[in-house]
Protein chains: 2
Amino acid sequence: MDGHSGEKLLYLTDEQLRKGIEAMFFAYRGFTSDPDRILEKYGYGRAHHRALHFVNRSPGTTVNNLLGILGVTKQSLNRVLRTLVEDGLVDSRVGQRDKRERHLHLTPSGVSLERKLADAQQARVRAAYRDAGPEAVAGFRKVLEAMMDAENQKYFHSLKE
Amino acid sequence: MDGHSGEKLLYLTDEQLRKGIEAMFFAYRGFTSDPDRILEKYGYGRAHHRALHFVNRSPGTTVNNLLGILGVTKQSLNRVLRTLVEDGLVDSRVGQRDKRERHLHLTPSGVSLERKLADAQQARVRAAYRDAGPEAVAGFRKVLEAMMDAENQKYFHSLKE
DNA sequence: GATTTTACGTCAGCCTTGTTGACTTTCCAA
DNA sequence: TTGGAAAGTCAACAAGGCTGACGTAAAATC
């Protein structure tokens, strides 16, 4: 292989890069808007959504693992998690093997709200995928993955599918 | 054309959609992390970055137009804009034709900080684009655009290039 | 067995950035 | 000339980040 690993060189102008950056900004707003509307009715915020999502994705995950995935402090996560436990959406069980750990699970109501939020968000993503077509979807995923920090790429790959 | 507009039907599983959603989440974190580090040194936040970015992109834009693009309240924007004007990064000029309007421009120091932030963010995007390749980039942009709200798509298209 | 480290929770306080509501000033346009 | 739009300001509040300090229990290590 040569120095360019056989890849085409990309000559990206400032404007092309700016448009990509702006696309991320506007798209992320759309991406969060549907769940946000639902959460508002429950008195929750995006932080609650993220917690519900990742607890659902990794049932039995520990607080520490969740902290890594979410990239926030334990105080911040704890505030959110506490309300979810109090409201009966999340179950926090003391670990069997290691009793210092808490293993998190969604309760039936937690599953129900998570499902509602996921449906709303998935509807938009599905529509965008349909409009853009399968090749575009593959490219979308490829670029997003390359945009993550190495640590988050690891978390990303550790998730199902 | 038939009912499917000649497009391939996509059978997207729950897991495929979830992975796309998670990719957006992790990628957006990477996307904002480099500018965030710079902003911290200046005592600014993401809101300041957004204001600098869009004032730079549309020099002379009015506060009202910026409100639409950013999707926040005027009180929220005003707080950010005021500090930028006070710190000499943004110039707010009373309109010639309509003196109620304020036209916003970056000062030389504003241009300088915006450039620094853009360089950091663009470096990551450029690297991701290079890793993913040109076809992936096209798909990335296509999906992001389809994910935006209609109103934001209009703003997006109104921007240069 | 004693000590250190880890996991988790909690209290207190701070910051940014979003919100609503009320009010004023300016000034264009009908 | 007057109504309403554009802009700005003040006040108050909330979500959700943050740091720092402290406590407890359990595991790991010396």
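Throughout, a chain's letter reflects where its sequence line sits, starting with A, and its residues are numbered from 1.
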**Q** Could you walk me through whether Gln121(B) and Asp34(B) pass side chain to side chain contact (heavy atoms under 4.5 Å, CB included), step by step?
**A** CA-CA 6 Å; Gln121(B) 196 158 39; Asp34(B) 304 307; 5.9 Å; no
**Q** Is a donor-acceptor pair below 3.5 Å formed from side chain Arg100(B) to base dT26(C), judging by atom type as modelled?
**A**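 When only heavy-atom distances are counted, Arg100(B) does not reach the base of dT26(C) through any donor-acceptor pair under 3.5 Å.
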**Q** Does dA15(D) have its OP1 or OP2 closer than 4.0 Å to a side-chain nitrogen or oxygen of His48(A)?
**A**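 So the side chain of His48(A) is outside the cut-off, no N or O lying under 4.0 Å from OP1 or OP2 of dA15(D).
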**Q** Are there more than 12 heavy atoms of other residues, nucleotides or ligands under 6.0 Å from atom CD of Glu86(B)?
**A**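 For Glu86(B), atom CD is crowded (more than 12 foreign heavy atoms under 6.0 Å).
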**Q** Decide side chain to side chain donor-acceptor pair (under 3.5 Å) for His49(A) and Glu114(A); before the verdict, give the C-alpha distance in whole Å, the side-chain angles of both, and the deciding distance to 0.1 Å.
**A** CA-CA 7 Å; His49(A) 183 192; Glu114(A) 198 286 328; 5.3 Å; no
**Q** Please give, in whole Å, the distance from dT26(C) C1' to Arg97(B) CZ?
**A**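 Spelled out: CZ on Arg97(B) to C1' on dT26(C) is 17 Å.
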**Q** With the side chain of Ser92(B) defined as its heavy atoms from C-beta on, choose the nearest nucleotide among dC8(C), dG8(D), dC28(C).
**A**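 When the side chain of Ser92(B) is considered, dG8(D) is the closest of dC8(C), dG8(D), dC28(C).
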**Q** So which nucleotide from dG17(D), dT5(C), dA5(D) ends up closest to the side chain of Arg79(A)?
**A**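 Closest nucleotide among those given: dG17(D).
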**Q** Rounded to the Å, how far apart are Arg82(A) CZ and dC11(C) P?
**A**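 Between P of dC11(C) and CZ of Arg82(A): 6 Å.
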**Q** Write down the distance between OH (Tyr44(B)) and P (dC15(C)), rounded to a whole number of angstrom.
**A**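 Taking atom P of dC15(C) as the reference, OH of Tyr44(B) is at 17 Å.
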**Q** Hey, does the side chain of Thr73(A) come within less than 4.0 Å of dC18(D)'s phosphate (OP1/OP2), counting only N and O?
**A**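 True: Thr73(A) side-chain N/O within range (under 4.0 Å) of dC18(D) OP1/OP2.
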**Q** Taking atom P of dT19(C) as reference, at what distance in whole Å does atom CG of Leu77(B) sit?
**A**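 Distance, rounded to whole Å: 10 Å.
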**Q** Counting side-chain heavy atoms from CB outward, which of dG16(D), dT19(C), dG8(D) is closest to Ser76(B)?
**A**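 Of the options given, the side chain of Ser76(B) lies nearest dT19(C).
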**Q** Looking at the base of dG21(C), is there any donor atom on it, or on the side chain of Gln75(B), that sits under 3.5 Å from an acceptor on the other one?
**A**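 Flag set: donor-acceptor pair detected.
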**Q** Please determine whether a side-chain nitrogen or oxygen atom of Arg50(A) lies at a distance below 4.0 Å from atom OP1 or OP2 of dG17(D).
**A**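 Answer yes for this pair, as a side-chain N or O of Arg50(A) is under 4.0 Å from OP1 or OP2.
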**Q** Asn64(B) side chain N/O closer than 4.0 Å to the phosphate oxygens (OP1, OP2) of dA5(D)?
**A**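 Negative; the distance criterion is not met.
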**Q** Grab the two heavy atoms, one from Thr107(B) and one from Gly88(B), that are nearest each other, plus how far apart they are.
**A**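 Answer, listing the atom of Thr107(B) first, then Gly88(B): OG1-O, 2.5 Å.
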**Q** Just to be sure I understand the rule, does Lys99(A) reach a base, reach only the sugar-phosphate, or reach nothing, if contact means heavy atoms closer than 4.0 Å?
**A**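 Sugar-phosphate contact only - Lys99(A) comes under 4.0 Å of backbone atoms but never of a base.
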**Q** Around Lys142(B), counting heavy atoms of other residues, nucleotides and ligands shown, do more than 12 lie under 6.0 Å from its NZ?
**A**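 Open.
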**Q** Measure from the side-chain heavy atoms of Val72(B) and tell me the nearest of dT10(C), dC28(C), dT19(C).
**A**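 Nearest listed nucleotide: dT19(C).
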**Q** Under 4.0 angstrom, heavy atoms only, what part of the nucleic acid is Gly71(A) near: base, sugar-phosphate, or nothing?
**A**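 It contacts sugar-phosphate atoms only.
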**Q** Do the side-chain N or O atoms of Arg46(B) get closer than 4.0 angstrom to the phosphate oxygens (OP1, OP2) of dT16(C)?
**A**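 For Arg46(B), the contact criterion (side-chain N or O under 4.0 Å from OP1 or OP2 of dT16(C)) is not met.
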**Q** Would you indicate which nucleotide in dG16(D), dA7(D), dT19(C) comes nearest to any side-chain atom of Glu101(B)?
**A**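 Between dG16(D), dA7(D), dT19(C), the one nearest the side chain of Glu101(B) would be dA7(D).
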**Q** dG9(C) P sits how many Å from Leu66(A) CG, rounded?
**A**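 In whole Å, dG9(C) P and Leu66(A) CG are 11 Å from each other.
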